[in-house]
2 protein chains.
Amino acid sequence: MGKEVIIPNISVDCVIFGFDFEKLNVLLVERELIDSKTGAVVIKDHTLTGYHIFEDEVLDSAASRILKDLTGLENIYLEQFYTFSEIDRVAAEKDKKWLAYMNKGFADRIITVGYFSLIDSTKVELTVHNRNASWVPIDEIPGMELAFDHKHIFDRALEALRNKVKIDPIVFELLPERFTLTQLQKLLEAVFDTQLEKRNFRKKVGQMPYVVALKEKQVGVPHKPAQLYLFSREVYEKTKKERIGLMF
Amino acid sequence: MGKEVIIPNISVDCVIFGFDFEKLNVLLVERELIDSKTGAVVIKDHTLTGYHIFEDEVLDSAASRILKDLTGLENIYLEQFYTFSEIDRVAAEKDKKWLAYMNKGFADRIITVGYFSLIDSTKVELTVHNRNASWVPIDEIPGMELAFDHKHIFDRALEALRNKVKIDPIVFELLPERFTLTQLQKLLEAVFDTQLEKRNFRKKVGQMPYVVALKEKQVGVPHKPAQLYLFSREVYEKTKKERIGLMF
DNA sequence: GCAAAAGTGTTACCGGTACACCCATGC
DNA sequence: GCATGGGTGTACCGGTAACACTTTTGC
């Protein structure tokens, strides 16, 4: 560590998803560039987190590193979903200024590998490490100004997330270890931007042996306390059966 | 064209799938290196097709170019599925020798972007362009010796293909425009390495408005001639409905 | 007329969907 | 005792799974 040499033309960008029990959010970092002479604001927008990879580093490690730098968390769910190579993806005027200002020896053309990551946002503190990072609800992204081609990257990430959630129980990565069925339902509703019917939802979850009821219940809530559950990937792996059903 | 400059550390590799009405195959190229002094065979194995990308070229275009170079075909279904960055992925002894022999200015560490492509193999001629290219049934790959990390890339490609086939009607790309239901069934059986029940399969296909029966039938077959069908992506796009059903 | 593959219909079961009411807690 | 979200059962329907026989052609 310390004198790592970057590869100038390859980077990793992370789309970090989190769930606040109401909405699905993405962690964005504020980017601000102020003219040192005039004091005028040259750039003020938001970016995903990303960085170049090092010469002796694999993409997955670079993504983990970036994630840890921003959130302080390790062993987080990360999935590579697409590699972006548009020739002018970092060539907008404001982005060129930004790269010049950074002055880190990046290439003019940068190919970036997109990862999405799912974190239990109850575990992340945005006060210490924050480089002005904040959670933004996914439905606000379309109206925002993002750096580089990050809006495009976000769109692809959300699509990849939805596809993966359908076939693999990764949603649980967005919840605390112990969660209620209502939280799980709200989460899926947020991911797919839809509404689910409570009784049917619970019936379905009841058929998943890997969503296991704990003996504990919520405490201190001003209504009937909910049963707490746990997701066991171990049980999932043991009980899953191959499904071939074509869905198109 | 002509004086294109390659990017030394980024390449594209294509896993080309084809269907011969019996098995699902992959197009592999024979790689042979003979010691110019002794005449001894130094390397003899198989590789996927790939090449570096050019400085002014996008990944998708590089993949199309590579595909066209090998098969002569254009406008082929191509999908990027994963980017491979293991540090020693081209560093095995035989692979280093090969790269030295090629002497094209490639970097020591090459990151490669994997694409899979689906082609109607009745359209490809392996006689003209062939650099010793041949179709290899997918169930023979595990027992073969492949260059670089190409076996790993193939595994990921097959996985990505299966996932995508489940949610999008891309299988039809592997068939001629006009095909029979039995051919479609055999193809799906080959892709998923499974058996399907004829009557149920046909009932299901009967509910897909975008698989349209033609007026024509097979001719010259020594049995009852089969009805020919056509896949219409246009009809598919118009009639598809969003499904959210969780499958895990 | 025989071999070879195409084509078709019925029943049993399961999973999906739609829907309305009682329950436990904090204040 | 009231407001708040937690939790449950039933009826209908559509899709999936299992199964055997008749049809059309080339030779």
Side-chain angles (χ1 to χ4, degrees), chain A residues 19-23 166-167 169 175-176 178-190 192 194-230 239-248, chain B residues 20-22 166-167 169 175-176 178-190 192 194-230 239-248:
Chain A
F19 179 59
D20 59 10
F21 302 117
E22 280 299 325
K23 292 189 157 199
K166 283 182 199 161
I167 60 172
L175 291 170
R178 303 171 320 140
F179 53 86
T180 70
L181 294 187
T182 303
Q183 288 167 351
L184 179 57
Q185 182 180 341
K186 283 241 182 75
L187 171 53
L188 286 163
E189 289 174 342
F192 292 108
T194 187
Q195 294 286 106
L196 299 172
E197 207 279 315
K198 189 164 58 157
R199 283 171 287 194
N200 296 332
F201 176 75
R202 295 168 102 95
K203 208 181 305 170
K204 186 155 198 168
V205 175
Q207 289 161 268
M208 301 175 178
Y210 42 88
V211 178
V212 307
L214 298 173
K215 300 218 175 77
E216 308 165 60
K217 289 176 181 262
Q218 276 182 320
V219 285
V221 286
H223 53 75
K224 178 169 174 178
Q227 176 81 245
L228 290 171
Y229 290 79
L230 188 80
T239 59
K240 78 170 164 194
K241 35 196 171 294
E242 292 307 326
R243 302 167 143 284
I244 327 112
L246 306 180
M247 317 236 51
F248 53 82
Chain B
D20 60 9
F21 303 116
E22 280 299 324
K166 283 181 199 162
I167 59 172
L175 291 170
R178 303 173 318 140
F179 54 87
T180 71
L181 295 186
T182 303
Q183 287 167 351
L184 179 59
Q185 182 180 342
K186 283 242 181 75
L187 170 53
L188 286 163
E189 289 174 341
F192 292 108
T194 188
Q195 293 287 107
L196 299 172
E197 206 279 316
K198 189 166 55 157
R199 283 170 288 193
N200 295 332
F201 176 75
R202 295 169 102 97
K203 210 179 304 172
K204 185 157 198 167
V205 175
Q207 290 162 280
M208 301 175 178
Y210 42 88
V211 178
V212 306
L214 297 173
K215 300 217 176 78
E216 309 165 60
K217 288 176 181 266
Q218 276 182 319
V219 285
V221 286
H223 54 247
K224 178 168 173 177
Q227 176 80 246
L228 291 172
Y229 290 79
L230 189 81
T239 59
K240 78 170 163 193
K241 35 196 169 293
E242 291 307 326
R243 301 164 144 286
I244 326 113
L246 305 179
M247 318 236 49
F248 51 81

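Just so it is clear: chains get the letters A, B, ... in the order the sequence lines come, proteins before strands, and each one is counted from 1. Excluded from the calculations below are hydrogen atoms, water molecules and symmetry mates; all remaining heavy atoms, backbone and side chain alike, are included.
A straight line from CD of B:Gln195 to C1' of D:dC19 spans 16 Å, rounded to a whole angstrom. When rounded to the nearest whole Å, the span between NZ of A:Lys204 and P of C:dA18 equals 13 Å. A:Gln207 has its CD atom 6 Å from the P atom of C:dG16, to the nearest Å. Whole-Å rounding puts the B:Phe21 CZ to C:dA5 C1' distance at 16 Å. Atom CD in B:Gln227 sits roughly 12 Å away from atom P in D:dT25 (whole-Å rounding). To the nearest angstrom, P of C:dA6 lies 12 Å from CZ of B:Phe201.
Interatomic distance, CG of A:Leu187 versus CZ of A:Phe21, reported as 9.5 Å (0.5 Å rounding). How far CD of A:Gln183 is from CG of A:Leu228: 8.0 Å, rounded to the nearest 0.5 Å. The structure places CG of B:Leu175 at 11.0 Å from CG of B:Leu230, a figure rounded to the nearest 0.5 Å.
For A:Glu189, there are no salt bridge (Lys or Arg N to Asp or Glu O under 4.0 Å) partners at least two apart in sequence or on another chain.
Of all non-hydrogen atoms in A:Pro225 and A:Gln218, the two that sit nearest each other are CB-O, 3.1 Å. Contact between B:Glu22 and B:Lys186 at its shortest, heavy atoms only, is OE2-NZ, 4.2 Å.
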Within the 4.0 Å limit for protein heavy atoms, which parts of nucleotides 19-27 of chain C are touched? Write it as a string from 5' to 3', B for base, S for sugar-phosphate only, - for none. BB--BBBS-
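Contact of the B:Leu184 side chain with the B:Phe201 side chain is registered, since non-hydrogen atoms from C-beta on lie closer than 4.5 Å. B:Thr182 has its side chain within reach of B:Arg202: a pair of non-hydrogen atoms, C-beta onward, lies under 4.5 Å apart.
Taking every heavy atom of residues 178-185 of chain A and every atom of DNA chain C, no pair lies under 4.0 Å.
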